[in-house]
Structure formats: C-alpha cells, structure tokens
Amino acid sequence: MKIYLLRKIETHFKANCSLYAVIAALLFLGLLFGLAAPVTMGEASASAVKGYIGNYLQTLPSGDFNKNAELARIFVFNGSLALLIWLFGLHLFGIAGIAAIVVYKGFSLGYAIGFLLNYQGLVGASVIFLGILPQNILFVILLAYLSVVGVRQSLRLWGWQDFPQATLEKLLIYGKAFMRSVGVLLLGAAIQGYLCPIFLRLLYVIL
C-alpha cells in the first residue's frame, strides 16, 4: 500500500513538475514580500503586534490558552484558503485567483517570520521553528497540491467537450482532492492548537 502510494505521488509530481515550479515561485515571491513588510511597519502597528505576541507567550506557562479555539481558528483560516482554491479551479479564469491565494499564503507566512526575527530576536527564531513551521509545512504542501490540481482543472474547462455525465464524473473526481485535504487540515490545526503550545512552553521554561 505504501509503495503504491509513493509511486502515485511520484507519478503525479513528475506529470506536474512545471506547475509545482510555478506555484513554488509564487509562494517564494509572497514570502519575500512578507519578510520585508515588518521593516516598513509603523511604530504603532509594530507595538500592537509585539503586545499580542507578548501576551500569547505570557499565557503559556500558566496554561491559560484555549487550545480548541486555536485549533478551530487555524482550521477555518487554512480551510478557507483551500476551499477558495478548489472553487477557483471550477472557473475558466480561476488561475489568477489561485495565484493570488498562493502569494497571500507566502506573504502571511513571511510576515510572521519576518516580524519575529526583527522584533523578538533569539526567542522569535525559536518560536518560528517550534510554533510556526511544523504545521505550516503541512499547509504549504497541501495548498501547493490543491493549487496544481485547481490549475489543471481550470485549464481542462477550456477543452471539455464531453457529455454532462462525463463532466459530472470529472467534477466528482476533482471534489475528492478537496475532501482528502480535510484530514491534513485537521492534523495541522491540531499541531498548532495542542503540540506547539507544549513546545513553546518548554522553550519558555528553558529561556
């Protein structure tokens, strides 16, 4: 089963390597803009974000942290991005929307990393590795996959000359791609809601 799955993933990647390269470039572009954004941030905005992060870190030792609310927040946010990508794939001109979401995801991730590095120093770098990267690696891989599938679906719409039954069948196949993503979204949200606070609490004790 594992060998079959690995071969299927390998085949999918080889067939879409050029699209993955484009998606990676868009994500990297957004990441660069996000990393640069905190440098140009006004003092008032920087103080507000620093206060939010400081309050978050201060709640970790006491355990006064709503894990279920955090899980739900992360699931809804990334799930909304995944759903939008899937919906854009159903439109003839959805490729532009998919590209915008990929850039936005890169920007939001880069912004968080850039802010922590610029204003939190060593603590910020530790928070990045323990509180941001673990779940976002899953989210980025998932969004890249959905983006590639969505772009292919959008391109396919231009050439569909099938009967309605065949079109419906292809739509159902496309829908399975989004349904498979739900498990990954829940896993990533659980990591941020339950595991990351534990890692950060240990970091707080050490520092």
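The closest side-chain heavy-atom distance from L187 to L138 is below 4.5 Å. V103 is not listed as a side-chain neighbour of L27, based on a closest heavy-atom distance of 4.5 Å or more.
Side-chain N or O atoms of W86 include none that pairs as donor or acceptor with a backbone N or O of M179 at under 3.5 Å. The closest donor-acceptor contact from the side chain of S154 to the backbone of H91 lies under 3.5 Å.
The distance from atom CZ of R73 to atom CG of N68, rounded to the nearest 0.5 Å, is 13.5 Å. Distance check, rounded to the nearest 0.5 Å: CG of L146 to CD1 of I101 gives 10.0 Å. Between the CG atom of L90 and the CZ atom of F88 there is a distance of 11.0 Å, given to the nearest 0.5 Å. Interatomic distance, NE2 of H12 versus OH of Y20, reported as 2.5 Å (0.5 Å rounding). Note that CG of L109 is 4.0 Å distant from CD1 of I113, once rounded to the nearest 0.5 Å.
With F139 as the fixed residue, the side chain to side chain contact (heavy atoms under 4.5 Å, CB included) test singles out one of V184, L81, I74: I74.
Applying the side-chain hydrogen bond (donor to acceptor under 3.5 Å, both in side chains) test to residues at least two apart or on different chains, the pairs with a partner in residues 176-191 are Y145-R180.
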Review item, side-chain donor-acceptor pairs of residues 128-137, under 3.5 Å, at least two apart:
residue, atom, partner, partner atom, Å
Q135, NE2, G131, O, 2.8
Q135, NE2, Q192, OE1, 2.5
N136, OD1, K105, NZ, 3.0
N136, ND2, I132, O, 2.8

Under 3.5 Å, sequence neighbours excluded: what are the donor-acceptor pairs made by side chains of residues 28-36?
none

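Across Y174 and G150, no two heavy atoms sit closer than the pair OH-CA, 3.5 Å. Nearest approach of A190 to L71, heavy atoms of both residues: CA-CD1, 3.7 Å. A pairwise comparison of heavy atoms in A82 and L185 identifies CB-CD1, 4.3 Å as the closest pair.
Residues V76 and L186 fall into different hydrophobic clusters, defined by Ile, Leu, Val, Met, Phe, Trp and Tyr side chains chained together at heavy-atom separations under 4.5 Å.
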